[in-house]
Engineer: 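Have a look at this one before I ask anything.
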Protein chains: 2
Amino acid sequence: MTPVTAAERSDAARNRERLLLAARDLIEQGGAAALTMDRLAEHAGVGKGTVFRRFGSRAGLMLTLLNDSEAAFQARFLFGPPPLGPGALPMDRLIAFGTERIAYVVEYGDLVLAAGNASRGRFEVPAVALWNQHVEMLLRAGGVESREPGLLAGSLTATLDPERLLHLIREHGVTSERLAASWSELVTRVAGSA
Amino acid sequence: MTPVTAAERSDAARNRERLLLAARDLIEQGGAAALTMDRLAEHAGVGKGTVFRRFGSRAGLMLTLLNDSEAAFQARFLFGPPPLGPGALPMDRLIAFGTERIAYVVEYGDLVLAAGNASRGRFEVPAVALWNQHVEMLLRAGGVESREPGLLAGSLTATLDPERLLHLIREHGVTSERLAASWSELVTRVAGSA
DNA sequence: AATATAAACGGACCGCGGTCCGTTTAGTCT
DNA sequence: AGACTAAACGGACCGCGGTCCGTTTATATT
């Protein structure tokens, strides 16, 4: 059966598998910094051109590497159990969202950072737009009325910027708990006033 | 008269002058992107090593280029006339701070962006710490009591992140006025609740 | 004026992310 | 089986920021 959209060639599929395997391997050994595109190509026994054909850029590769966990995170705040998912009060969901996001950034640290250096800035990543919408929706549902709900939501998500969070954690010894508490306070204050 | 700390050698001073001149020249012609370290060295008639000896890194050069205007900005919010400087109500000063910061980022766009890629992230820049303190001070003075005033202030300044602001302006056509209004709303909300 | 020395100099060199284009190959059509 | 073609391949090549180290030079000292 001939598919409507051209199917992936078998050698391409095999190489993609090899590359992802090699990438995880390199990261496991020496962290995200050890993953250079040249080394990846060599380690996977593949030409450098192939690496870029597959993933477009280093950031694209990181995004692919994160894809599974990102999808899982999205599924949790969109469809998962409360307080993160539907069912809880909007403000509780918002607080949970920040808390979980902080945990996520802590867990995947360097990968998230490396994924952020996309070609056209770290705001083009589709996931970012989704978070903004989600936060905006929760704000509305929580009774927060603003003339610029999108910008207000953006201000809140800016607080969760991975680079900022990791900087505070690594260079200033701030704990995830304090960050989560601060997020909670911020959200509460924003929602609290008329 | 021999100075206590070794004076700058005359050739060094002359070369620094040449380099700054050449740098502004290149930027004027082709924007910040046209300023590569190799071209700068060539344009200034100086070895590449000299460029790095002088400024440490590209970000360091950008910081030097911005030094004057940064200092002027700092002077204005520390000692200048109200509502930005002392004399106005703390919350009005805070709103003015964001508004002026947005205008600053718009004016110096690419330079600010390039200066942000410092060696150890864009949070090491001394000016950032100063803004945080300033915002924190204004929050306190405005009667905002928090268990983590530093983190709360940091969340607010994160909203003013140049990359975010410029992205919204350039890619989404958001005006400075809307950004300033959103900042004002955010600050008001944060200050408004008990 | 000659000497000493610390500072400044310059450019070859490195590894990086990313591009280009001639070559190879998997899948299809006869 | 053989021919055709679009896709995938691979590695030389590029410009970048940044480093290293042998050479030059401004300045203080005598």
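Sequence lines set the chain letters: A, B, ... in the order given, protein chains first and strands last, and positions in each chain run from 1. For the numbers below, each heavy atom of this structure counts, side chains included, while hydrogens, waters and symmetry mates do not.
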Engineer: Is B:R24 salt-bridged to B:E28, going by a charged N under 4.0 Å from an acidic O?
Structural biologist: no
Engineer: Can you tell me how the ring of A:F97 sits relative to the ring of A:W183, calling it parallel under 30°, perpendicular over 60° and tilted otherwise?
Structural biologist: tilted
Engineer: Return whichever of B:S10 or B:G56 has its heavy-atom-nearest nucleotide of DNA chain D closer to the 5' end.
Structural biologist: B:G56
Engineer: So B:R147 and A:E185, salt bridge (Lys or Arg N to Asp or Glu O under 4.0 Å) or not? Walk me through it.
Structural biologist: CA-CA 9 Å; B:R147 218 181 303 173; A:E185 183 194 355; over 6 Å; no
Engineer: Return the value, rounded to whole Å, for the distance between atom CZ of B:F52 and atom P of D:dC20.
Structural biologist: 12 Å
Engineer: Output the rounded distance in Å from CE (A:M62) to C1' (C:dG18).
Structural biologist: 15 Å
Engineer: Walk along nucleotides 8-15 of chain C from 5' to 3' and tag each nucleotide B, S or - by protein heavy-atom contact under 4.0 Å, base first, then sugar-phosphate.
Structural biologist: BBBB----
Engineer: Rounded to whole angstroms, how far apart are CZ on A:R39 and P on C:dC16?
Structural biologist: 7 Å
Engineer: Indicate the ring-plane relationship of B:Y108 and B:Y104, choosing parallel, tilted or perpendicular according to the 30° and 60° boundaries.
Structural biologist: tilted
Engineer: Could you check how far CZ of B:F55 sits from P of D:dG17, rounded to whole Å?
Structural biologist: 14 Å
Engineer: Does B:L61 offer a backbone N or O that forms a donor-acceptor pair with the side chain of B:R54 under 3.5 Å?
Structural biologist: no
Engineer: Quick one: which residue pairs count as a salt bridge (charged side-chain N to carboxylate O under 4.0 Å, His left out) with a foot in residues 66-88 of chain B, not counting sequence neighbours?
Structural biologist: B:E70-B:R101, B:R76-B:E100
